[in-house]
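Written out below as structure tokens is the structure these notes cover.
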Amino acid sequence: MADRPYIVGNWKMNGTRAMLSQARSIDRAAQNLMKVEVALAPPYTLIHPVHREAEQIGVGAQDCHPGEDGPHTGDISASMVADAGAKFVILGHSERRQDHGETNTLIREKGASALEAGMRILLCVGESEETRDEGKAESFVTRQLKASLPETLDNPEESLTVAYEPIWAIGTGRTPTVEDIGAMHCAIRATLVELYGEEQGQAVRILYGGSVNADNARDLLAADEVGGALVGGASLTAESFLGIVIAAAELQDQPA
Ligand code: 13P
């Protein structure tokens, strides 16, 4: 069902068990909004509790270690998050690239581990404000995408989602223009077709992320090649997140 819009909430480092009621409300509402695929990526500590609440929504992790289970104090392997109920892993988020010095090579390795554990990858890419101002955003992002993807990826339609998240738009209330988002998503699409061929390259969903909220979701989701949204701050309450899911559902009802 890759033609359904995909709305994913990334809770980042937010959430204790008190937030399970939000996940439950999101899940129950999603049962009546089947035109949209909805998922949450809570912190590690809530993956299993959210998985237990979820009857409709997908559950993912925000990261994983690239290696097998073993002596890595404080780390969590791909097989561990899969065992907790995660069906996908967000990789390459700019906050991990910045806060933890994650390189494209490390992200590639993490992707291979996630696939090995039977999960999908939600791979984030995005440029800094400086790179955009220099007019190099598209070349930077397509290079970053190629360098962060795992070497082998069977069936990209099933195993890969890409999220374009300009760093300067994350948590700032600023977003690129709809034209700029469309242009970037078309450049990402062209790269996916180059890598995986016409049919598979066209089938991978490309999400937009960065200051998406219920008020701007309609416009952002209507941009060229946008297959959904990766939402941070506005995913933390059922009310604000469902506003985005409803906007996506309404857009589906509109004639093309
Ligand atoms: P905000 O929606 O808070 O800008 O965060 C976007 C993001 O980084 C999602 O992964």
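Atoms within a ligand are numbered from 1 in the order they appear, just like the ligands themselves. All of these numbers come straight from a predicted model, not from anything done at the bench.
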Subject >> Nearest heavy atoms of Lys146 and Arg108, plus distance in Å >> reply: O-NH1, 3.9 Å
Original post:
At under 4.0 Å between heavy atoms, which part of Ile170 makes contact with ligand 1: side chain, backbone, both or neither?
Top reply: both
Atoms of ligand 1 close to [X] [distance to a heavy atom under 4.0 angstrom, numbered from 1]:
X      : result
Gly233 : 1 (P), 2 (O), 3 (O)
Leu230 : 9 (C), 10 (O)
Asn10  : 9 (C), 10 (O)
Gly210 : 4 (O), 6 (C)

Measuring only between side-chain heavy atoms, which start at C-beta, is [X] closer than 4.5 Å to [Y]?
X      : Y      : answer
Gln56  : Met34  : yes
Tyr164 : Val226 : no
Ile167 : Arg97  : no

For [atom], grab the closest protein heavy atom and report residue, atom and distance to one decimal in Å.
atom                   : result
atom 7 (C) of ligand 1 : Glu165 OE2, 3.1 Å
atom 5 (O) of ligand 1 : Lys12 NZ, 3.2 Å
atom 2 (O) of ligand 1 : Gly232 N, 2.9 Å

Subject >> Verdict with supporting geometry, Lys87 and Val59, side-chain contact (heavy atoms from CB on, under 4.5 Å) >> reply: CA-CA 6 Å; Lys87 295 287 186 286; Val59 183; over 6 Å; no
Original post:
Does Ser211 have a non-hydrogen atom less than 4.0 Å from ligand 1?
Top reply: yes
Original post:
Do Glu250 and Gln254 have side-chain N/O donor and acceptor atoms under 3.5 Å apart?
Top reply: no
Original post:
Will you find, in the side chains of Asp69 and Ser79, an N or O donor that is under 3.5 Å from an N or O acceptor?
Top reply: yes
